[in-house]
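Below, all heavy atoms of this structure are taken into account, side chains as well, without hydrogens, waters or symmetry copies.
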Amino acid sequence: MKRLLFFFIILISFFTYGQNGQIPIEDAINSFDIDSVQKTKVGYQYWFLSKEELDGRTIKMSVVKPGLSTHAPHKHIQDEFFFILEGKAKFYLNGEERIVGPLTSLYCPSWSMHGIANAGEEELKYLVLQKYPKTEE
C-alpha cells in the first residue's frame, strides 16, 4: 500500500508541476484507442502523453507477449517509473531481479541499469512514466 501511495504522489506531482490549469477539457482526456497503438517486435505500445506534447514528460502503456521484453537492461539519464497493470513482470535493477504482479510500482533511478520482462503466461501491461531531458535546438 505504501508503494502504491508513493506512486500516486509521484504521478500527481508529475502532472501538476509547471501547469497553470488553463487547457480545454478535451485536451486533458486521452482514452486508449487500439487503432493508434504502435506495434513493436514484442507487442505494442500506446502513448498517452508523448515527449513532444509537454516539456518532455511522458506516459505510455507497453504490452509485452509472454516470455519477452521490449529491450535488454539499459541505463539513461532520466528517472523512470513502471506501474504494472496486468500480468507478471520480471524487474531487473542493478544486478538484482524480482517477480512482481499487478498494482506494483517500480522505480529506476537515473543511470541505474534496469529492465522489465514478461514473466508470465499472459500479456504484461504496464505504464512507463518519465521525463526526457531537453534537447538543444
Side-chain angles (χ1 to χ4, degrees):
M1 188 63 165
K2 200 161 69 172
R3 282 191 218 152
L4 191 56
L5 180 60
F6 174 72
F7 174 77
F8 285 111
I9 289 169
I10 295 298
L11 185 61
I12 289 166
S13 65
F14 182 82
F15 278 108
T16 57
Y17 178 75
Q19 293 297 298
N20 64 10
Q22 302 300 314
I23 64 169
I25 193 167
E26 294 81 18
D27 292 344
I29 300 170
N30 181 343
S31 297
F32 176 75
D33 178 7
I34 193 69
D35 294 328
S36 297
V37 302
Q38 294 176 341
K39 301 252 185 223
T40 66
K41 292 179 182 179
V42 299
Y44 64 87
Q45 59 188 10
Y46 180 83
W47 290 88
F48 288 97
L49 182 64
S50 71
K51 62 183 172 182
E52 293 77 30
E53 294 177 70
L54 184 70
D55 76 356
R57 288 177 278 181
T58 63
I59 298 181
K60 74 175 174 182
M61 179 176 66
S62 287
V63 179
V64 179
K65 295 175 187 172
L68 301 176
S69 64
T70 54
H71 44 70
H74 63 286
K75 56 185 172 178
H76 41 69
I77 192 170
Q78 68 270 21
D79 291 6
E80 190 168 24
F81 287 89
F82 302 130
F83 185 76
I84 309 304
L85 298 170
E86 298 177 12
K88 286 185 182 176
K90 179 168 57 171
F91 177 53
Y92 175 89
L93 183 66
N94 297 323
E96 296 187 54
E97 293 181 349
R98 299 287 187 278
I99 304 294
V100 300
L103 303 180
T104 303
S105 67
L106 307 168
Y107 173 57
C108 311
S110 177
W111 295 119
S112 64
M113 186 65 73
H114 65 279
I116 188 169
N118 188 335
E121 297 180 13
E122 305 293 325
E123 284 184 332
L124 170 64
K125 291 183 181 177
Y126 62 97
L127 296 177
V128 181
L129 294 87
Q130 62 182 305
K131 181 176 181 184
Y132 287 87
K134 289 184 178 182
T135 57
E136 299 298 323
E137 298 192 25

Carefully, step by step, assess W111 and I77 under the rule side-chain contact (heavy atoms from CB on, under 4.5 Å).
-> CA-CA 5 Å; W111 295 119; I77 192 170; 3.6 Å; yes

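- Taking every heavy atom of both residues into account, A89 and A119 meet most closely at C-CB, 4.1 Å.
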Residue pair V42, K65: steps toward the side-chain contact (heavy atoms from CB on, under 4.5 Å) verdict | CA-CA 6 Å; V42 299; K65 295 175 187 172; 5.5 Å; no

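- Here the options are Q130, K131, Q78, the test is side chain to side chain contact (heavy atoms under 4.5 Å, CB included), and the partner is T58; only Q130 passes.
- Here M61 contributes atom CE and K125 contributes atom NZ; the two are 5.5 Å apart, rounded to the nearest 0.5 Å.
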Could you go step by step and tell me if L68 and N118 meet the side-chain contact (heavy atoms from CB on, under 4.5 Å) rule?
-> CA-CA 6 Å; L68 301 176; N118 188 335; 5.7 Å; no

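- The backbone N or O of M113 sits less than 3.5 Å from a side-chain atom of N94, completing a donor-acceptor pair.
- Summarising the local packing, NZ of K60 is surrounded by more than 12 heavy atoms from other residues, nucleotides or ligands at distances under 6.0 Å.
- In the displayed structure, E97 atom CD is contacted under 6.0 Å by more than 12 heavy atoms of other residues, nucleotides or ligands.
- Note: S62 OG to L85 CG = 10.0 Å, rounded to the nearest 0.5 Å.
- Within the 4.5 Å cutoff, the side chain of F83 has heavy atoms near those of the L103 side chain.
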I would like to know whether S112 and Y107 meet side-chain contact (heavy atoms from CB on, under 4.5 Å); could you show each step before the answer?
-> CA-CA 10 Å; S112 64; Y107 173 57; over 6 Å; no

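- Put simply, the side chain of L93 reaches to within 4.5 Å of the side chain of H114, judged on heavy atoms.
- To the nearest 0.5 Å, atoms CD (Q45) and CG (L127) are separated by 12.5 Å.
- Taking 4.5 Å as the limit, every side-chain heavy atom of F81 sits out of range of all side-chain heavy atoms of S105.
- Here the side chains of Y126 and T70 are in contact, with some heavy-atom distance below 4.5 Å.
- Closest of all the heavy-atom pairs between N30 and W47 is ND2-O, 3.6 Å.
- Both V128 and V64 belong to a common hydrophobic cluster when Ile, Leu, Val, Met, Phe, Trp and Tyr are linked at side-chain heavy-atom distances under 4.5 angstrom.
- With sequence neighbours excluded, no residue forms a salt bridge (Lys or Arg N to Asp or Glu O under 4.0 Å) with E121.
- Other residues sharing the hydrophobic cluster of I99, ordered by chain and number and joined by side-chain separations under 4.5 Å: none, the residue standing alone.
- The minimum heavy-atom distance between P66 and G120, with the atom names listed, is CB-O, 3.4 Å.
- Clustering ILVMFWY residues whenever any of their side-chain heavy atoms sit less than 4.5 angstrom apart, transitively, puts L49 in a cluster other than the one holding I29.
- Separating the CD atom in E80 from the CD1 atom in I116 is a distance of 9.0 Å, to the nearest 0.5 Å.
- Annotation for F82 and C108: closest pair CE1-SG, 3.6 Å, computed over non-hydrogen atoms.
- Using bins of under 30°, 30° to 60° and over 60° for the plane-to-plane angle, the ring pair Y46/F48 lands in the perpendicular bin.
- I59 and Y132 fall into different hydrophobic clusters, where Ile, Leu, Val, Met, Phe, Trp and Tyr residues are linked whenever their side-chain heavy atoms come under 4.5 Å apart, directly or through other members.
- In this structure the side chain of L124 reaches within 4.5 angstrom of the side chain of I84, judged on heavy atoms.
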